[in-house]
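Notes follow once the structure below has been shown.
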Amino acid sequence: MRDLCHAPERPMAQDRRVIDSGAALSKHLELHLYPTRSGGWCITHKVPLRDEGGAIVGLAGTSQDLGLADELHPVSRKIAAIARHIGENYHANVCMEALAAAEGLSLSHVECLFQRVFHYPPR
């Protein structure tokens, strides 16, 4: 997963970044807030659309709702804390073993839970 939980970005600003840079956004894991005020994890993909001359004329995107595990469950809170830490520190080296240990989980358990919840490994 290239982008994991970057700091929240408004959809219009995200669209503008893709259009201005011409670079696609792929496998971007983010926490969305729905009209009900409940949160949900999504994987977002956005690509610039070009005309025959190569000029960007639009944008196409998808967002796959991954759902959100029960927020009251202690393991769900731990996984959310790890995902949040990765998102806030994606630009630095993130030690998954240390993150797992800090939450009282084994690395293999964290990897299994990430795969189950997000359909992607945490690395």
For residues 48-58, dump all side-chain donor-acceptor pairs below 3.5 Å to protein atoms at least two apart in sequence or in another chain.
{"unit_1": "Arg50", "atom_1": "NH1", "unit_2": "Gly54", "atom_2": "O", "d": "3.0"}
{"unit_1": "Arg50", "atom_1": "NH2", "unit_2": "Gly22", "atom_2": "O", "d": "3.2"}
{"unit_1": "Asp51", "atom_1": "OD1", "unit_2": "Gly53", "atom_2": "N", "d": "2.9"}
{"unit_1": "Asp51", "atom_1": "OD1", "unit_2": "Gly54", "atom_2": "N", "d": "3.0"}
{"unit_1": "Asp51", "atom_1": "OD1", "unit_2": "Ala55", "atom_2": "N", "d": "2.9"}

Leu25 and Thr44: CA distance, side-chain angles, deciding distance, side chain to side chain contact (heavy atoms under 4.5 Å, CB included) verdict: CA-CA 7 Å; Leu25 179 70; Thr44 300; 4.3 Å; yes
Inter-residue atom distance Ile82.CD1 - Leu105.CG, 0.5 Å rounding: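 With rounding to 0.5 Å, CD1 (Ile82) is 5.5 Å from CG (Leu105).
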With Ser106 via side-chain contact (heavy atoms from CB on, under 4.5 Å) - residues at least two apart: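 So Ser106 forms a side-chain contact (heavy atoms from CB on, under 4.5 Å) with Ser108, His109.
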Leu59: side-chain contact (heavy atoms from CB on, under 4.5 Å) partners, not counting sequence neighbours: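 Leu59 satisfies side-chain contact (heavy atoms from CB on, under 4.5 Å) with Asp15, Val18, Ile19, Lys46 once adjacent residues are dropped.
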Sequence-distant partners of Asp20, side chain to side chain donor-acceptor pair (under 3.5 Å), two or more places apart: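 Listed in chain order: Arg16.
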Partner residues of His45 under the side chain to side chain donor-acceptor pair (under 3.5 Å) criterion, sequence neighbours left out: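 In terms of side chain to side chain donor-acceptor pair (under 3.5 Å), with neighbours along the sequence ignored, His45 is linked to no residue.
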Residues Met96, Ile86; criterion side chain to side chain contact (heavy atoms under 4.5 Å, CB included); working and verdict: CA-CA 9 Å; Met96 289 307 302; Ile86 293 169; 3.8 Å; yes
Pairs touching residues 90-114 that satisfy salt bridge (charged side-chain N to carboxylate O under 4.0 Å, His left out), sequence neighbours left out: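 Matches after skipping sequence neighbours: Glu97-Arg123, Glu111-Arg123.
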